[in-house]
Protein chains: 2
Amino acid sequence: MRGLWAASWRSLGRKTLHSSTSSSSPSSSSLSSNLKLLGPNLPDVWMVPGPSSSAFHSQSSAANGQTANVINGKSIARAIRAGIANEICRMKETIVKSPGLAIVLVGGRRNSRTFIHVKLKACEEVGITTHVEELPEECTEDEVLRVVSGLNNNPSVNGIIVQLPLPQLVDEERIINFVSPEKDVDGFHPLNMGNLAMKGREPLFIPCAPKSCIELLLRSGVEIMGKRAVVVGRSKIVGLPTSLLLHHHATVSTVHSFTKNPEQITREADIVIADVGIPNLIRGSWLKPGAVVVDMGTNQVQDPGIDQGSRIIGDVCYEEAIKVVSAITPVPGGVGPVTIAMLLSNTLDSAKRAFPFR
Amino acid sequence: MRGLWAASWRSLGRKTLHSSTSSSSPSSSSLSSNLKLLGPNLPDVWMVPGPSSSAFHSQSSAANGQTANVINGKSIARAIRAGIANEICRMKETIVKSPGLAIVLVGGRRNSRTFIHVKLKACEEVGITTHVEELPEECTEDEVLRVVSGLNNNPSVNGIIVQLPLPQLVDEERIINFVSPEKDVDGFHPLNMGNLAMKGREPLFIPCAPKSCIELLLRSGVEIMGKRAVVVGRSKIVGLPTSLLLHHHATVSTVHSFTKNPEQITREADIVIADVGIPNLIRGSWLKPGAVVVDMGTNQVQDPGIDQGSRIIGDVCYEEAIKVVSAITPVPGGVGPVTIAMLLSNTLDSAKRAFPFR
C-alpha cells in the first residue's frame, strides 16, 4: 500500500502557487479572487516524507543579517481601492447603478462612530453609496430585527454591516443570523463561516480582516503552500476564520490562552498571525529567524510623549520582531487599511452578483 | 499592560475539566451534552509563560514501560446505546412517540448498503423508527431534492441522512444544503458547521465521527484542556470538524498532504487524531511516548490468511503504536461503534427538540 503515498502533489502545488503570486503583485489593480484565497482545492494525496522535505529552512538562514521587509498595507490598499473605483465607474457607465452599503449602529459608542466614519469615507471615495441606520442604546431586539429586515429587502442595499459590539440587551447571535447571507459583507453569518470552513466550498463572503491577511501575504509574494503557520488567538471574527483560510494551503496551528508554552509553537512557524488584543505579547524571542509576521492587533496605549496622549500598537513587539523576521506588517498601516479595502471589495462583489454585472 | 496576562484561567479550566470527566465515565448511561463537547467557552485570558508550563511531560515518562490502554469503543458504545434506549422507552411511555430517522440512498453501491444496514440495525435496537428512500443511480437532482423536501416536511422524521457519495450527476453540495438544518443529524449542513466553528455558539448537530472522537477521549478520562493535539487529515466531514471541536480546549495543529515533515509535528502531540484513509501511514516513530491516539481510519486491506480475504485496519500502525502510546483506539472496535451511537444520540436529541420532550 505504500506506493499510494508517493504522488506528484508537490510539483502541482508549486505550479499553482506561482501562478497565484505572479498575478497578484501590489501594482496589479485586479483583486485576488476568492478561489485564490481559498486555494486550489487539490486532493489530499500523501507522500512518504523524504530528504527534500526540509527545503524551506533556507529562508531562515538567508534572513540572518538582512533587514526585514515592512509590508506596506497603505500602498496595497491604495492599489486595491483604485481597482474597485475603476470597476464601479464601469458599472455606473454600463448599467447606471452603483453598489450600496448600509451600516446599522445601535447606541452611540464613540469607538463605533470612529470605525463607521472610516468605512463611510472609504466607500465615498470609490463610489459606493452609503446609508447609516441609527438606533438608540435602549432599543429592543425586535426594533433592530425590523431595521435589518428592511435592509435585507431593499434592492439598493448590497451589503449590510451591523456594527459590533451591540448593547447587552440585544442578542448579537440572533441579529447576525438574521442578516441575509447574500448581503453579509462582514462574512460573520454562520452559513458563510461554514462554507469557508468546508474544503471545496466557496462562501459568498470572507470576513474582511482574515481576507486582508491573506491578500497581504499573496501580494507580498509570500509562499503559503506547505508552510507552517501559527495563528495566535481564535476570535470568531478574526483568528478563527484566518486559521480556516490558511488551512487551505498551510499547516496551521492555533494558539490560544489555554496553550502551554505558546512561544515554542510560534518559534516553529514560517508565518505568524497575531490576533490577541494584548500590546507587545509576541516578543522577538517568540519568532523564528526569517519568519513572516502579520500583526492583526490594534491596541490603544497611553503615550504622554505625543499630542494625542495615546497611540495604536499591535500584538507583536515590532522593535524586537523587525530584527528577527524577513517581513512584517506594521501597526498602524498594515492590516487595517487592507481590511477596509476588503469591505469595499465584498460590497462590490455583492452588487455584481445582485444586479448582475460582470 | 503585562499585568493583564496573569489570570486565573488555569484553575478555572481545571475545575471545568474535572467536572466533565467525572460525570462521563463509561459506566454512566447519560450522554455528554454538546456543551461539554464544545467546552466551557471560557474567555481567552492570557498569562505569561511560567516554569509550571511544562507540567504535562510527566505523562510521557510515566508511560515508559507501561502497556498502552486500548480504548474499548464497543463497550463505550454499548453504554451510550443503553442510555438512549432508556430515554426512548421513557419517551414512548410519556408521549407515545418515538424518534424517526430517514436515509436517502441514491444508486445501489454495495458499501453504501452495508453502512445503511448497520445504521438501521442500531436504530431498531434502541427503538428509533427508520425509513429508507431508495432512488435509482440515474435519477435527476430534482428527484433527490423532491424526496428530501418530503422528509423535511414530514413531522415523523426527526433525522435525515443522505448516504454519501452521491452519483456524479447529482450535486452533493446542493443536496446537503437542502436538508433542513433542524433534521441534519449528520451535522454536514454549512449552518451547523459554521456554528460549530464559531466560539460561543452551539450547532444543532455535531458530525457523528468527530463527536465520537471527543466522547471516546472524555469517557476514557483523557485530559484535553491545554494539550497539544494534531489532527492528520482535513476532510470536511471528519478531520476538519474534529479540529474545530478540539480547538475549544486544546492547541490544535492540522497536518495534511501539503505538510512537510508531518512526523515532526505529530511527535510533539499529546493527542493524535488520524483521518487520512491510508493504512499504517502513522508509524510508531511518528508518536510521542505516552501520547493518546484516536484512529478514525477504516481501510480495507487484502489478507489471504483469513476466510474473508480482506480485513479492516486503521491509519495508524497499531502494532508499533501500542508500544509507544499511553492509550489508543483499535480499528475495528474503536471510533466506529461510537460513531453509530452518536447518530442515535443526534436523532434522539432532534426528536426531543421537535416533540418537545425533556
Side-chain angles (χ1 to χ4, degrees), chain A residues 1-2 4-5 7 9 13 42-47 49 53-56 173 189-201 203 225-226 228 233-236 240-241 243-244 247 249-263 265 268 276-281 299 301, chain B residues 1-2 4-5 7 9 13 42-47 49 53-56 173 189-201 203 225-226 228 233-236 240-241 243-244 247 249-263 265 268 276-281 299 301:
Chain A
M1 298 308 274
R2 300 274 162 70
L4 276 177
W5 305 354
W9 67 260
L42 300 175
D44 263 338
V45 183
W46 287 79
M47 63 179 295
S53 52
S54 62
F56 69 98
E173 182 171 330
H189 194 287
L191 199 62
N192 282 318
M193 208 63 93
N195 281 322
L196 173 63
M198 294 165 84
K199 213 177 95 179
R201 290 195 170 212
M225 184 74 78
R228 284 194 68 173
R234 50 173 181 174
S235 71
K236 65 172 175 276
L240 173 94
S243 292
L244 292 173
H247 201 261
H249 299 84
T251 301
V252 184
S253 303
T254 308
V255 164
H256 45 74
S257 59
F258 298 158
T259 303
K260 289 153 186 162
N261 302 346
E263 71 286 4
I265 302 173
E268 290 162 6
V276 194
I278 300 176
N280 294 333
L281 176 73
N299 310 292
V301 290
Chain B
M1 298 303 271
R2 301 274 162 74
L4 277 177
W5 305 355
W9 67 261
L42 301 174
D44 263 338
V45 184
W46 287 77
M47 63 179 295
S53 52
S54 63
F56 67 98
E173 182 170 330
H189 194 287
L191 199 62
N192 283 318
M193 208 64 92
N195 281 322
L196 174 63
M198 295 165 83
K199 214 177 92 179
R201 289 195 172 212
M225 184 76 77
R228 282 193 71 173
R234 49 173 181 173
S235 72
K236 64 172 174 276
L240 173 95
S243 293
L244 292 173
H247 200 261
H249 299 85
T251 302
V252 184
S253 303
T254 307
V255 163
H256 46 74
S257 59
F258 300 156
T259 303
K260 289 152 186 162
N261 302 347
E263 72 285 6
I265 302 174
E268 290 162 6
V276 194
I278 300 177
N280 295 333
L281 176 73
N299 309 292
V301 291

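Every chain is numbered from 1, with letters handed out A, B, ... down the list of sequences.
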Side chain B:Arg234, main chain B:His256, donor-acceptor under 3.5 Å: no

Locate the shortest heavy-atom distance separating [X] from [Y]; write the atom from each residue and the value.
{"X": "A:Phe258", "Y": "B:His249", "value": "CD1-O, 3.7 Å"}
{"X": "B:Ser243", "Y": "B:Thr254", "value": "OG-OG1, 3.2 Å"}
{"X": "A:Ser253", "Y": "A:Ile265", "value": "CB-CG2, 4.1 Å"}

Best-contacting candidate, B:Glu173, B:Lys236, B:Met193, against chain A by heavy atom pairs under 4.5 angstrom: B:Glu173

Residue among B:Val252, B:Asn299, B:Leu244 with most heavy-atom pairs under 4.5 Å to chain A: B:Val252

B:Leu240, part contacting chain A, at a heavy-atom distance under 4.5 Å: side chain

Closest-packed option against chain B by number of heavy-atom pairs under 4.5 Å, given A:Ala250, A:Pro190, A:Gly194: A:Pro190

